[in-house]
Amino acid sequence: PTAAALEVQILDPVRYAWRDLNLVRLHSAIVSMLLASCAVALCFFLILRERVWLLFIAYVLAQIGYVLTRTGELLAIINSTAFDRYVWQAATIFPLLAAALLVFFAVEFVNLKTFAQRSAKLLHYYGVAILTLSVLALIPALAKSDALAACANSLLLMGVSITLYASLSSARQGSRQAVFFLIAYLPQLLVTAFFVAQMRGILSGVWVQIVFLSSYAFSSIVLSLGMADQVLGYRKQRDAAVHESESDPLTGALNRRAANRALAGEIKGLDIARGSLAVCFFDLDFFKHVNDQFGHALGDEALRLLAAQARLELRSGDFLARMGGEEFIVVLPSAYLRDGLALAERIRGRIEKHGATIAGYPVNLTVSVGVIASNPKLNSADELIDAADQALYLAKSRGRNRVETIDIVTLTTHKKEKSR
């Protein structure tokens with residue numbers, strides 16, 4: 001009901017065209033940023049298939065519709081005189097749709113069902129009510145009524161209050177997404193207050209509309225970043241779960257299943273690179289005696305000692321795996337037999353030195369090692385591990401605390417003896 005005073009300026013055609021072109025550029029930039037956010041969200045939705053991305057896309061599309069309506073560009077796009085009479089309805093419907101979709105998005109994005117359950121329920125009912133009003137606004141007689149406007153404004157104020165309260169509460173409880181949402185949402189609310197002040201005649205100038213529309217682009221970009229951060233969090237959780245499923249919880253080394261898969265991948269790479277790899281098979285000497293005499297807790301320390309000392313000698317591409325009990329393997333890609341023998345000897349020396357005393361007890365821990373290199377006749381992970389195990393057996397039979405390898409002839413002989 002308050003009449004806002006209009007400012008009138010008389011400009012020469014060149015000056016007017018310059019200002020008008022700048023506004024067109026700004027409007028185009030705002031719409032382009034909103035469309036870019038939609039494109040990014042669509043890509044993530046096609047990969048992740050999560051509803052929150054669809055809600056975000058719908059929310060941004062409603063924003064785009066409102067921006068095009070406010071700037072008058074929607075008329076130019078549709079280019080139909082029959083649509084002109086409905087533009088004022090579109091200016092009501094699009095912001096109502098955006099408000100409803102925003103709260104639905106906030107419930108999913110901020111995870112309000114976990115951090116603020118009551119607010120989540122209220123926002124759900126609020127969103128349904130706003131959607132209902134947007135449908136009613138399609139009816140010209142209802143859209144023109146003061147009752148619809150008063151109801152919509154009252155609901156919007158209530159929704160803003162609940163959304164802010166729920167987001168602040170979630171942020172205090174440690175929700176990163178709530179922080180992103182507030183960063184995107186609060187400036188938009190502030191600029192909306194400027195816009196209302198201009199409509200009431202308190203503020204004047206085209207800058208209010210420029211800042212108002214720009215806040216839409218800002219909020220969509222911040223929310224896009226927040227959703228990307230959420231995806232990164234999901235990826236970290238997934239990587240942690242994968243690491244946990246593939247790792248030995250005591251030593252942090254790969255488990256047997258992961259080791260077989262990694263070794264098989266390295267063997268496949270040999271066909272392309274025509275290189276070599278070495279496998280070292282470690283076994284702690286008299287480990288059962290260590291457990292029986294000093295207890296399983298100290299036995300666990302011995303296993304951790306072997307893993308820690310082995311890692312100090314590994315290169316970036318090498319990997320350590322616990323095959324079970326006191327047995328470990330080290331795989332050295334792009335390495336030959338001499339490289340494996342040298343590394344195994346260094347690790348053996350480290351265990352002999354640092355395993356003399358563990359937790360104050362004279363354990364005198366030692367390790368036996370069998371080393372084998374890849375060979376055309378050893379073309380699978382199981383065959384390489386078995387060959388390294390045969391070399392380990394040779395080290396134990398020759399007195400333990402030593403490193404041994406085995407030639408292919410001896411290995412073939414052992415296999416024949418086993419088959420008998």
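Salt-bridge formation is not detected for the pair R322/E327: no Lys NZ or Arg NE/NH1/NH2 atom is positioned less than 4.0 Å from an Asp or Glu carboxylate oxygen. At a threshold of 4.0 Å, the pair R315-D318 counts as salt-bridged, since one of the basic side-chain nitrogens sits closer than that to a carboxylate oxygen. Using a 4.0 Å cut-off between a side-chain N of Lys or Arg and a carboxylate O of Asp or Glu, D300 and R304 do not qualify as a salt bridge.
L34 and A217 get closest at one heavy-atom pair: CD2-CA, 4.0 Å. The shortest non-hydrogen separation linking S214 to L26 is OG-CD1, 4.3 Å. When every heavy atom of E301 is checked against every heavy atom of I358, the shortest pair comes out as CB-CG2, 3.9 Å. Across S167 and A178, no two heavy atoms sit closer than the pair O-CB, 3.5 Å.
With sequence neighbours excluded, the residues forming a side chain to side chain contact (heavy atoms under 4.5 Å, CB included) with L232 are K236, listed by chain and number.
With 3.5 Å as the limit, one finds a donor-acceptor pair spanning the side chains of S368 and D285. Side chain to side chain, Q309 and R346 fail the donor-acceptor criterion of an N or O pair below 3.5 Å. Side-chain atoms of E246 and N255 form no donor-acceptor pair, as typed in the model, at a separation below 3.5 Å.
Taking 4.5 Å as the limit, some side-chain heavy atom of F104 sits within range of a side-chain heavy atom of H124.
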